[in-house]
Amino acid sequence: INAEYGESQVHDNLGLLTYPVLMSADILLYHGTHVPVGEDQNIHIEFCNSIAQYFNTTYKKKVFEPVSQLLTATPRVKSLADPTLKMSKSYGKPSGVIGMLDSDDQIRKKVKRAVTDSLGPITVDPEGRPGVYNLLKLLSAVSDEDFEEVSGRYEGGNVVTLKNELSECFIEKIGPVRDKASVMLGDVGFINGVLDLGAEKARSIGERNLNEIYKNIGLR
């Protein structure tokens, strides 16, 4: 934890301890079985399964199913500013994060300034050249191209060219989402309507499931 969040945040942030419990409650209350999260959430999924197993064993009823973690081909996205850390809004430099509402210029600037090295032509070396390796992994993820194809294409190539292609791939993927989000954000009534509808559905399902849980432990 210290390596990723910094010692001060570990000491000051109660959320680091309460978050796994709240995450497990969200999953189990709605009987989730497959959760799309990053690789760093693996321990939280294990914690959730421990709670589910303990509940089932204690009350001798299979109320909760095992929860599986859904990982993509890029289970952990690394920061552009520090490729040893994950890309996150919670900590690290904002310049290391590509936001879904970033403008085209912001994306190009962030990718252009991404940390690499001065070792010359591109080689695939995750330990010795983490910055370059991170850009290759990001390009593979954003372009939906196999990593072997991307790395083979850029082996011995130029980092500037790699950054340019990555920027344009990010823009191609994020642009339509950003533009649609901008329209929606301008319609407060629409947003509030969607939030209210979602809250109503979640409340209905949650109350029904909670009542069933209460019955299983003899509180109803």
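By convention here, the first residue in the shown sequence is residue 1.
Between Thr123 and Val132 there is no side-chain heavy-atom pair separated by less than 4.5 Å. Within the 4.5 Å cutoff, no side-chain heavy atoms of Ile107 are placed close to those of Lys173. Using a 4.5 Å heavy-atom cutoff, the side chains of Val77 and Ile98 are not in contact. The side-chain heavy atoms of Val21 and Phe47, taken from C-beta on, include a pair separated by under 4.5 Å. Ser95 places none of its side-chain heavy atoms less than 4.5 Å from the side chain of Leu80. Between Tyr154 and Leu139, some side-chain heavy-atom pair lies under the 4.5 Å cut-off. At least one side-chain heavy atom of Lys163 sits under 4.5 Å from a side-chain heavy atom of Thr116. Taking 4.5 Å as the limit, every side-chain heavy atom of Leu138 sits out of range of all side-chain heavy atoms of Val111.
Atoms CE and CG, on Met23 and Leu28 in that order, are 10.0 Å from each other to the nearest 0.5 Å. Note that CG of Leu135 and CZ of Arg129 are 10.5 Å apart. Values are rounded to the nearest 0.5 Å. Atom CD of Glu172 is separated from atom OG of Ser143 by 9.5 Å, given to the nearest 0.5 angstrom. In this structure, Lys112 NZ and Asp105 CG are separated by 11.0 Å, a value rounded to the nearest 0.5 Å. To the nearest 0.5 Å, atom CG of residue Asn211 and atom CG of residue Leu219 are 11.0 Å apart. The line from CD1 of Ile45 to CG of Leu71 is 9.5 Å long, rounded to the nearest 0.5 Å.
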Output, in order, the C-alpha distance, side-chain angles, deciding distance and verdict of side chain to side chain contact (heavy atoms under 4.5 Å, CB included) for Phe64 and Ile27. CA-CA 10 Å; Phe64 301 114; Ile27 295 169; over 6 Å; no
Show your reasoning for whether side chain to side chain contact (heavy atoms under 4.5 Å, CB included) applies to Glu149 and Arg153. CA-CA 6 Å; Glu149 294 178 8; Arg153 180 155 55 85; over 6 Å; no
Run the numbers on His44 and Val35 for side chain to side chain contact (heavy atoms under 4.5 Å, CB included), then give the verdict. CA-CA 11 Å; His44 295 160; Val35 185; over 6 Å; no
Under the side chain to side chain contact (heavy atoms under 4.5 Å, CB included) criterion, do Asp82 and Lys93 qualify, and how do the steps go? CA-CA 8 Å; Asp82 185 346; Lys93 298 178 180 178; over 6 Å; no
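Nearest approach of Ala181 to Leu101, heavy atoms of both residues: CB-CD2, 3.7 Å. Annotation for Val63 and Asn56: closest pair N-OD1, 2.9 Å, computed over non-hydrogen atoms. Here the closest heavy-atom approach between residue Val150 and residue Ser140 is recorded as CG2-CA, 3.9 Å. The minimum heavy-atom distance between Tyr30 and Arg203, with the atom names listed, is OH-N, 4.5 Å.
In the hydrophobic cluster analysis, where Ile, Leu, Val, Met, Phe, Trp and Tyr join through side-chain heavy atoms closer than 4.5 angstrom, Leu119 is grouped apart from Val159. Residues Met100 and Val37 do not share a hydrophobic cluster, clusters being chains of Ile/Leu/Val/Met/Phe/Trp/Tyr side chains in contact below 4.5 Å. Leu85 and Leu136 fall into different hydrophobic clusters, where Ile, Leu, Val, Met, Phe, Trp and Tyr are joined by side-chain heavy atoms under 4.5 Å apart, directly or via other members. Linking ILVMFWY residues whenever their side-chain heavy atoms come closer than 4.5 Å, directly or via other members, leaves Met87 and Val115 in distinct clusters. A continuous path of ILVMFWY side-chain contacts below 4.5 Å connects Leu29 to Ile217, so both sit in one hydrophobic cluster.
For the pair Tyr59 (side chain) and Ile213 (backbone), a donor-acceptor distance under 3.5 Å is absent. In this structure a side-chain-to-backbone donor-acceptor pair under 3.5 Å is missing from Lys137 to Thr74. Between the Asn216 side chain and the Glu212 main chain, a donor and an acceptor come within less than 3.5 Å of each other. When atom types are taken as modelled, the side chain of Lys86 and the backbone of Arg76 share no donor-acceptor pair closer than 3.5 angstrom. Looking at Asn49, its side chain does come within 3.5 Å of a backbone N or O of Val67 through a donor-acceptor pair. The backbone N or O of Gln106 lies less than 3.5 Å from a partner atom in the side chain of Ser103, making a donor-acceptor pair. Using a distance-only test at 3.5 Å, with no hydrogens or angles considered, no donor-acceptor pair links the side chain of Glu65 to the main chain of Ala52. Asn158 contributes a side-chain N or O that, together with a main-chain N or O of Val160, makes up a donor-acceptor pair within less than 3.5 Å. For Asn134 (side chain) and Pro130 (main-chain N/O), no donor-acceptor pair under 3.5 Å exists by modelled atom type. No donor-acceptor pair closer than 3.5 Å links the side chain of Ser204 to the backbone N or O of Glu200.
Heavy-atom contacts from other residues, nucleotides or ligands closer than 6.0 Å to CD of Gln53 number 12 or fewer. Other residues, nucleotides and ligands contribute at most 12 non-hydrogen atoms within 6.0 Å of the CD1 atom of Ile43. Around OH of Tyr214, the count of heavy atoms belonging to other residues, nucleotides or ligands within 6.0 Å does not exceed 12.
A perpendicular orientation is assigned to the rings of Tyr133 and Phe147, their planes being inclined by more than 60° (bins at 30° and 60°).
Under 3.5 Å, the side chains of Asn164 and Glu168 contain no donor-acceptor pair of N or O atoms.
For the pairing with Asp102, the salt bridge (charged side-chain N to carboxylate O under 4.0 Å, His left out) check across Arg178, Lys110, Lys89, Arg108 returns one residue only, Lys110.
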